[in-house]
Structures are given as C-alpha cells and as structure tokens.
Participant: 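Please find one structure pasted underneath; my questions will follow.
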Amino acid sequence: MVSTCLFCRIAAKEIPSQIVFEDSEFLAFKDVNPQAPVHILIIPKSHYNTLLDVSDFTMLGRAQQIIIRIAEEQGIAQSGFRIVMNCRDDGGQTVYHLHYHLLGGRFMAWPPG
Ligand code: AMP
Ligand code: ZN
C-alpha cells in the first residue's frame, strides 16, 4: 500500500466509502462526485499509478468481469453503460491509482468533453 494514496487508503478502509463490491483483489465504491445516476469506481487493491504501469493484463479482464456483474446488480446492464479509464493529464486522471469509472442510468453523450 502507498500510504499517501487516496484509493489505497480507501482500499485499506482508512477512509470511508460506499462499497458496492469487494473481493480479495478489487474494491468498487460510489464516486463521491457522481456524474450519472450510477457512478461507481472499480479499483485493484494493489497500487498502480496508471494503465501504463500494468504488466499483468489479465487483471484488467477480471476487473471488467466484475464491472459487468455490478452493472447487472445496479440495473443498468440492459439500458447500457459506459466504462472509462482516464490516463494521465490529458486523459483527465486526477487520482493516480488505476481505476475504472462505471457510469449509467442516463444517456451518455459522445464525444466526451
Ligand atoms: P479520475 O479523474 O479519473 O482520476 O477520477 C477520480 C475520481 O475519484 C473522481 O470522479 C472523483 O470524484 C473521485 N473521488 C475522489 N475522492 C473520492 C472519495 N474519497 N471517494 C469516492 N470517490 C472519490
Ligand atoms: Zn494507491
């Protein structure tokens, strides 16, 4: 764990969050500043700064499998949803602990801002 990392601290339960899913490898919790009726962040409990720091890409597949399960549980699988991973500054990344956004419950415009 990186003691100064916000999402490591959330994963360690040092900072409270609204958890919707947890297993030994991942934590999913509600975004504190939701951009859609459903806005959930899915993080590996292990710290990676960005997508560029991943070497075991099967981890991302496991994360997306969990995202599908959460989308079904949240009732947005049929209507549709968007998953987003912002990477570095131009991608809009603000928290440097790898995470997916799961967004749904409304129509998502394209292109993104
Ligand atoms: P990104 O801009 O892709 O790095 O996304 C970071 C996300 O983390 C933003 O959508 C924030 O609203 C969210 N966020 C920041 N702090 C917290 C927190 N304490 N609990 C839940 N979500 C948070
Ligand atoms: Zn971290």
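Just follow the structure's listing: the first ligand is 1, and inside any ligand the first atom is 1.
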Participant: Taking the side chain as C-beta and beyond, is there a heavy-atom pair between L27 and I10 under 4.5 Å?
Facilitator: yes

Participant: Working note: L41 + K30, criterion side chain to side chain contact (heavy atoms under 4.5 Å, CB included); need CA distance, chi angles, decisive distance, verdict.
Facilitator: CA-CA 6 Å; L41 302 174; K30 293 186 180 179; over 6 Å; no

Participant: Just list the side-chain donor-acceptor pairs under 3.5 Å for residues 56-68, sequence neighbours left out, or say none.
Facilitator:
{"residue": "D56", "atom": "OD1", "partner": "T58", "partner atom": "N", "Å": "3.1"}
{"residue": "D56", "atom": "OD1", "partner": "T58", "partner atom": "OG1", "Å": "2.5"}
{"residue": "D56", "atom": "OD2", "partner": "T58", "partner atom": "OG1", "Å": "3.3"}
{"residue": "T58", "atom": "OG1", "partner": "R62", "partner atom": "NH1", "Å": "3.1"}
{"residue": "R62", "atom": "NE", "partner": "E25", "partner atom": "OE1", "Å": "2.8"}
{"residue": "R62", "atom": "NE", "partner": "E25", "partner atom": "OE2", "Å": "3.3"}
{"residue": "R62", "atom": "NH2", "partner": "E25", "partner atom": "OE2", "Å": "2.8"}
{"residue": "Q64", "atom": "NE2", "partner": "Y100", "partner atom": "OH", "Å": "3.0"}

Participant: Output, in order, the C-alpha distance, side-chain angles, deciding distance and verdict of side chain to side chain contact (heavy atoms under 4.5 Å, CB included) for N49 and L98.
Facilitator: CA-CA 6 Å; N49 283 314; L98 181 88; over 6 Å; no

Participant: Quick check: of its N, O or S atoms, which one does H97 have closest to the Zn ion (ligand 2)?
Facilitator: ND1

Participant: Measuring from R82:CZ to L103:CG, what's the distance to the nearest 0.5 Å?
Facilitator: 8.0 Å

Participant: Using a 4.0 angstrom limit on heavy atoms, which residues are close to ligand 1?
Facilitator: L6, F7, I10, F29, K30, D31, V32, N33, L41, N86, G92, Q93, T94, V95, H99, H101

Participant: With the Zn ion (ligand 2) as the reference point, give the N/O/S atom of H47 that is nearest.
Facilitator: ND1

Participant: Under a 4.5 Å cut-off applied to non-hydrogen side-chain atoms, are F81 and M108 in contact?
Facilitator: no

Participant: What's the separation between atom OG in S17 and atom CD1 in I40, rounded to the nearest 0.5 Å?
Facilitator: 11.5 Å

